[in-house]
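Indexing begins at 1, ligand by ligand and atom by atom, following the structure's order.
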Amino acid sequence: MKIRFPICARIRASARLVDPTAGWERMDVPIRYGLVEHAREGLVLVDTGYSEDLYRSHSLALWFYRSLLRPKLMPEGAVGAQLAAIGAGPEDVRHIILTHLHADHICGLDRFRNATLHASAATLELWSRRPSWRDSGHALFRGLLPAQSAFACRTLEHAPEAPLPWGGSGHDIFGDGSMISVDLPGHMEGHIGIYFADENCLYAVDAAWTMAAIVKEPRLPWIARLITPDRPAALRSLAVTRAAHASGVTIRLCHDPEPA
Ligand SMILES: [Zn+2]
């Protein structure tokens with residue numbers, strides 16, 4: 001199994017915004033997604049990142065979000081370019097595991113109609129819920145989401161339970177022990193990470209934004225606190241990620257500035 005975490009965009013921001021232990025100097029915050037070549041299941045995406053589809057939806061809330069963050073797309077890291085580099089196209093993607101529904105994880109979903117979508121029950125429920133005035137405050141932009149009915153969806157909780165090396169259990173997504181979903185709620189309803197067993201690696205996605213939050217100071221940066229719907233749960237998920245790290249598991253994050 002081959003796993004990559006390409007960078008599809010970068011956001012220029014003050015380091016302090018994403019890392020409570022950092023200074024105010026400007027830094028590049030990467031946006032990653034996962035591309036897995038699974039021996040039995042074929043091509044698997046973990047989220048779809050940002051893409052030019054971010055600019056195709058015209059809601060005022062999304063315009064505000066784009067103006068605030070001004071993400072710089074990295075064409076060479078885009079899903080399409082990364083697939084082309086291995087001789088594949090969007091139609092060859094067999095599975096997409098959605099960690100949560102923030103804009104930087106779901107752009108261009110519509111292009112992968114052949115894929116089965118795997119997500120937590122809470123994520124699928126949030127997706128199918130009626131629009132609410134709270135949505136944009138939680139960085140949920142429904143204009144970026146296709147109709148859920150367009151996809152074959154599988155609830156992660158229906159996959160068999162599997163133990164995790166640092167304690168507790170997750171769900172064995174493909175039933176072969178290779179990729180186990182890990183509940184990491186708080187950052188957004190239904191947020192999950194993925195434990196890659198052979199690599200002994202936890203992709204903790206947005207449970208933390210920097211390794212400093214895991215290694216040095218388990219605090220949420222203030223911008224994360226602003227959009228986090230459930231802060232106590234987010235702190236518990238951060239503790240789970242710290243426990244995994246302490247047990248010797250390699251941690252990968254979506255936005256950590258260190259090269260992944
Ligand atoms: Zn997020």
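Side chains of Asp256 and Thr210: no donor on one and acceptor on the other come within 3.5 Å. No side-chain donor-acceptor contact under 3.5 Å links His191 and Asp206. Side-chain polar atoms of Tyr33 and Asp104 form no donor-acceptor pair below 3.5 angstrom.
Distances from the Zn ion (ligand 1) to each N, O or S atom of Asp206 single out OD2 as the nearest.
Within the 2.8 Å limit, Cys254 places no N, O or S atom next to the Zn ion (ligand 1). Checking His191 against the Zn ion (ligand 1), every N/O/S atom stays at or beyond the 2.8 Å cut-off. Residue Asp104 does not count as close to the Zn ion (ligand 1), with no N, O or S atom under 2.8 Å. Taking 2.8 Å as the threshold, His105 does not count as a candidate ligand of the Zn ion (ligand 1), since none of its N, O or S atoms lies below it.
At the Zn ion (ligand 1), the vertex angle linking NE2 of His100 with ND1 of His102 is 90° (nearest 10 degrees).
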Candidate pair His118 and Phe174, rule ring-ring contact (aromatic ring centres under 6.0 Å, His included), full reasoning: CA-CA 10 Å; His118 305 255; Phe174 298 123; 5.6 Å; yes
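Residues Ser181 and His171 form a side-chain contact, since some pair of their non-hydrogen atoms from C-beta on lies under 4.5 Å apart.
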